[in-house]
Amino acid sequence: MTRTKIKDLLNATDFGRQVTINGWVKTFRNNQFIAINDGSTINNIQAVVDFTNTDEALLKRITTGAAVSVTGTLVESLGKGQRVEVKVSQLEILGDSDPEKFPLQPKKHSLEFLREIAHLRFRTNTFNAVFKIRHALAFAVHKFFNEKGFVYMHTPIITGSDAEGAGEMFRVSTIDPDNIPRNEDGSINYKEDFFGRPTNLTVSGQLEGELAAMAFGEIYTFGPTFRAENSNTTRHLAEFWMIEPEMAFYDITDNMDLAEELLKYLIRYALGNCGDELEFLRNRLLEEEKQKPQNERSELDLLAKLQFCLENDFERLTYTEAVEILRNSKPNQKKQFKYLIEGWGADLQSEHERYLVEKHFKKPVILTNYPAEIKSFYMRLNETDEQGRRTVRAMDILFPGIGEIVGGSQREERLENLLGRMDELNIPAHEMDWYLDTRRFGSAPHSGFGLGFERLVLFVTGMTNIRDVIPFPRTPKNAEF
RNA sequence: UCCCGAAUAGCUCAGCCGGUUAGAGCAUCUGACUGUUAAUCAGAGGGUCGCUGGUUCGAGCCCAGCUUCGGGAGCCA
């Protein structure tokens, strides 16, 4: 008999029919009730074994984690707590699971412990929910852009460009570290290397994305990105996934509109398609919050928080306006900030961003027009204002609990200005000739942004450590599995 | 990389002022029970107290270094 997925059975009403289900044992209670999960839903189905007529040796093998195949009759449950169950007529152990060795027990485990057994944590309810939502969000990203006519562009993962300026890079090389080819002056002879030149893992697909946007109009990338920064935080990974749309003829306002629309679309998609998973995570968070003192608990539960995000416009303000708010804020006046806001020009610290998002506006915030000095070379320069301040058309979207989830800008399309900025920041223009050609031949105003996929998953799932929303996290000193 | 904290049974933790035989709950095992919902009841087994060195009559506890983990900061997405 072909197997039926548990998801379909839990909604079925055609009682009396014979079904086969394959899955993994979550719990085995009272020598007769097996809770089975097959991954099709976060919910289990209960299979009832007639233990008086079943071989005792077989019953002993029904242990937490074992893979089983069960055939029986779909019936209305005789007990409370579930609507349907399967009355077992045939039970086969597909794969045993030694209960003395299987590390997952029918009890709560800490996320820290589960991180150590990341290869098995998929089998827990929490990670079942998290990775189902991750899948749904990834699918929705493509759905959104496809519906809008964007072209999905595969930018290279191995890049020959080392001037992207987005962070420290991982070197890609086949040179034997015990036998490094050298030039006469002692430097490494990259001509002997696989590509005949130094290469790295990409830190961003933006520059290549811009090339494609100058032909297709609207493109996006969605792929792995690598940063060799020694960052040890709950928001950073050495390998993460980033969504980077790049659009010709978009100014910074169009750019913000698109980013806000995308984020709301993705959240709405999760709410509409991951109800069971979000409900589970919502309750999980509520349980967790019970441990905390009253004043540290969040005002909204997970679903309400997501809903709130959909129903309200993101607050848009300039860096200059933000600095004014911060300068006059209580924590600044009372000198509670670690870094006090004195004047214009300094980069905002995360305590400032958190104040704006979580205390002042209490909703997502889009900050624009940062000082040119603290931003990248490719961002479009604004007119210098009366006070001589130079700003660029950057926009960062800050989310509560997450911080920066989107970073983007209108790009500098004027060749002279771009060359000037590259010169200021000591970026060798001759190595970027291919990029500069976009400005030489049919340059046009354009914009784009990067959305950190894991940070989005963090927000939607309510998880707090980025290592728990990617299957196998890569962080400094950790590349297990 | 910097600041703070932690590391004791499979898991989550307790362990007082340094004192001789290191505890609990859960899990596991054995038995009982048999419409359970993280079943329940009774009993049992289970420890290189992260590693290395030091102080001391005596170290899980004090000191130093290291490792790993967690929280925060910086960098950013």
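Values below: all heavy atoms of this structure, side chains included; hydrogens, waters and symmetry mates excluded. Labels below follow one simple rule: chain letters A, B, ... track the order of the sequence lines, proteins then strands, and each chain is numbered from 1.
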Applied to residues 452-481 of chain A, the ring-ring contact (aromatic ring centres under 6.0 Å, His included) test, sequence neighbours excluded, yields H119(A)-F481(A), F122(A)-F472(A), F222(A)-F453(A), F399(A)-F459(A), F472(A)-F481(A)

Heavy-atom count around R171(A) CZ within 6.0 Å, excluding the residue itself: above 12? no

Hey, does the side chain of R115(A) come within less than 4.0 Å of rG70(B)'s phosphate (OP1/OP2), counting only N and O? yes

Can you tabulate the close N/O pairs, meaning under 3.5 Å, that link protein atoms to atoms of nucleotides 8-14 of chain B?
residue	atom	partner	partner atom	Å
rG10(B)	N2	Q105(A)	OE1	3.0
rG10(B)	N2	Q105(A)	NE2	3.3
rG10(B)	N3	Q105(A)	NE2	3.1
rC11(B)	O2	K107(A)	NZ	2.6
rU12(B)	OP1	S110(A)	OG	2.8

Closest-nucleotide ordering on RNA chain B, the 5'-leading residue of T475(A) and E353(A): T475(A)

Measuring only the C1' atom in each nucleotide, how far is rC62(B) from rC17(B)? A whole number of Å is fine. 12 Å

Measure from CZ on F33(A) to P on rU40(B) and round the result to the nearest Å. 14 Å

With a non-hydrogen cut-off below 4.0 angstrom, is E239(A) in contact with a base, only sugar-phosphate, or nothing? nothing

Any sub-3.5 Å donor-acceptor pair from R455(A)'s side-chain atoms to H236(A)'s backbone N or O? no

Is any N or O donor-acceptor pair between the side chain of S231(A) and the base of rC75(B) shorter than 3.5 Å? yes

Dot-bracket summary - RNA chain B, pairs being Watson-Crick or G-U whose distances fall under 3.5 Å, with | when paired to another strand: (((((((..((((.....[...)))).(((((.......))))).....(((((..]....))))))))))))....

Would you say the base of rA77(B) stacks on F240(A) (centre-to-centre below 5.5 Å, plane angle below 30°)? yes

Distance, rounded to the nearest Å, where M379(A) contributes CE and rA77(B) contributes C1': 12 Å

Quick one: label Q46(A) by what it contacts on the DNA or RNA (base, sugar-phosphate, nothing), any heavy atom closer than 4.0 Å. base

Side chain of Y339(A) (C-beta onward), nearest among rU28(B), rA73(B), rA77(B): rA73(B)

Any idea how H142(A) and Y220(A) line up, ring-wise: parallel (<30°), tilted (30 to 60°), or perpendicular (>60°)? tilted

Check this one for me: any side-chain N or O of R467(A) less than 4.0 Å away from OP1 or OP2 of rG70(B)? yes

For rG50(B) and rC61(B), measure between their C1' atoms and round to the nearest Å. 15 Å

Please determine whether a side-chain nitrogen or oxygen atom of N30(A) lies at a distance below 4.0 Å from atom OP1 or OP2 of rU34(B). no

To the nearest Å, give me how far apart NZ (K26(A)) and P (rA39(B)) are. 12 Å

Can you name the side-chain contact (heavy atoms from CB on, under 4.5 Å) partners of E116(A), sequence neighbours left out? F113(A)

Aromatic ring centroids of F28(A) and F33(A) under 6.0 Å? no

E480(A) CD - rC69(B) C1' separation (whole Å): 14 Å

Regarding T225(A), tell me which of base, sugar-phosphate or nothing describes its non-hydrogen contacts under 4.0 Å with the strands shown. nothing

Respond yes when some side-chain nitrogen or oxygen of S350(A) is under 4.0 Å from OP1 or OP2 of rG74(B), and no when none is. yes

Counting only side-chain nitrogens and oxygens, does R235(A) get under 4.0 Å of the OP1 or OP2 atom of rG72(B)? no

Classify the side chain of N31(A) and the base of rU36(B) as holding, or not holding, a donor-acceptor pair under 3.5 Å. no

Taking only the side-chain heavy atoms of H236(A) (C-beta and beyond), determine which of rC75(B), rC29(B), rU36(B) contains the nearest atom. rC75(B)

Salt bridge (Lys or Arg N to Asp or Glu O under 4.0 Å) pairs, two or more places apart, involving residues 50-73 of chain A: R61(A)-D96(A)

Reckon R354(A) has a side-chain N or O less than 4.0 Å from the OP1 or OP2 of rG72(B)? no

Let me check something: any side-chain donor-acceptor pairs from residues 85-92 of chain A under 3.5 Å, sequence neighbours excluded? List them with distances.
residue	atom	partner	partner atom	Å
E85(A)	OE1	Q46(A)	NE2	3.2
E85(A)	OE1	S77(A)	OG	2.9
S89(A)	OG	T71(A)	O	3.1

Side chain of R227(A): nearest nucleotide among rA38(B), rC76(B), rG70(B)? rC76(B)

From the list rU34(B), rC76(B), rU36(B), which nucleotide is the closest neighbour of the side chain of E404(A)? rC76(B)

Just by modelled atom types, is the K338(A) backbone N or O under 3.5 Å from a matching donor or acceptor in the E351(A) side chain? yes

For D38(A), side-chain contact (heavy atoms from CB on, under 4.5 Å) partners two or more places apart: R3(A), K5(A), I6(A), S40(A)

Does rC33(B) adopt a syn or an anti glycosidic conformation, taking syn as a chi angle within 90° of 0? anti

Between the protein and nucleotides 41-43 of chain B, which nitrogen or oxygen pairs come in under 3.5 angstrom?
none

Round to a whole Å and report the spacing from CG of D396(A) to P of rC75(B). 12 Å

May I ask you to verify if any side-chain N or O of T234(A) is less than 4.0 angstrom from the OP1 or OP2 atom of rG72(B)? yes

Out of rA73(B), rA77(B), rG70(B), which has the shortest distance to the side chain of N465(A)? rG70(B)

Given rA27(B), rA73(B), rA77(B), the nucleotide with the shortest approach to the side chain of P106(A): rA27(B)

Side chains of L114(A) and R123(A): closer than 4.5 Å at any heavy-atom pair? no

Using a cut-off of strictly less than 4.0 Å, decide whether R29(A) has a side-chain nitrogen or oxygen near OP1 or OP2 of rU36(B). no

Using a heavy-atom cut-off of under 4.0 Å over every strand shown, decide if L78(A) touches base, sugar-phosphate, or nothing. base

Contact list for residues 230-246 of chain A, test salt bridge (Lys or Arg N to Asp or Glu O under 4.0 Å), sequence neighbours left out: E246(A)-R411(A)

N53(A) CG to rU34(B) P: how many Å, rounded? 15 Å

Pairs satisfying side-chain hydrogen bond (donor to acceptor under 3.5 Å, both in side chains), at least one member in residues 98-115 of chain A, at least two apart: R115(A)-D468(A)

Looking at every strand, decide which applies to Q349(A) at a 4.0 Å heavy-atom threshold: base, sugar-phosphate, or nothing. sugar-phosphate

Classify the nucleic acid contact of L456(A) as base, sugar-phosphate or nothing, counting any heavy atom under 4.0 Å across all strands shown. nothing

Starting at the 5' end of RNA chain B and moving along, which residue's nearest nucleotide shows up first, A238(A) or F28(A)? F28(A)

Give every residue pair that meets the side-chain hydrogen bond (donor to acceptor under 3.5 Å, both in side chains) criterion with at least one member in residues 472-481 of chain A, sequence neighbours excluded. none

Name every donor-acceptor pair, under 3.5 Å, that has one atom in a side chain of residues 355-364 of chain A and the other anywhere in the protein, sequence neighbours excluded.
residue	atom	partner	partner atom	Å
E358(A)	OE2	G401(A)	N	2.8
K363(A)	NZ	D313(A)	O	3.0

Taking any heavy-atom pair under 4.0 Å as a contact, classify F453(A): base, sugar-phosphate, or nothing. nothing

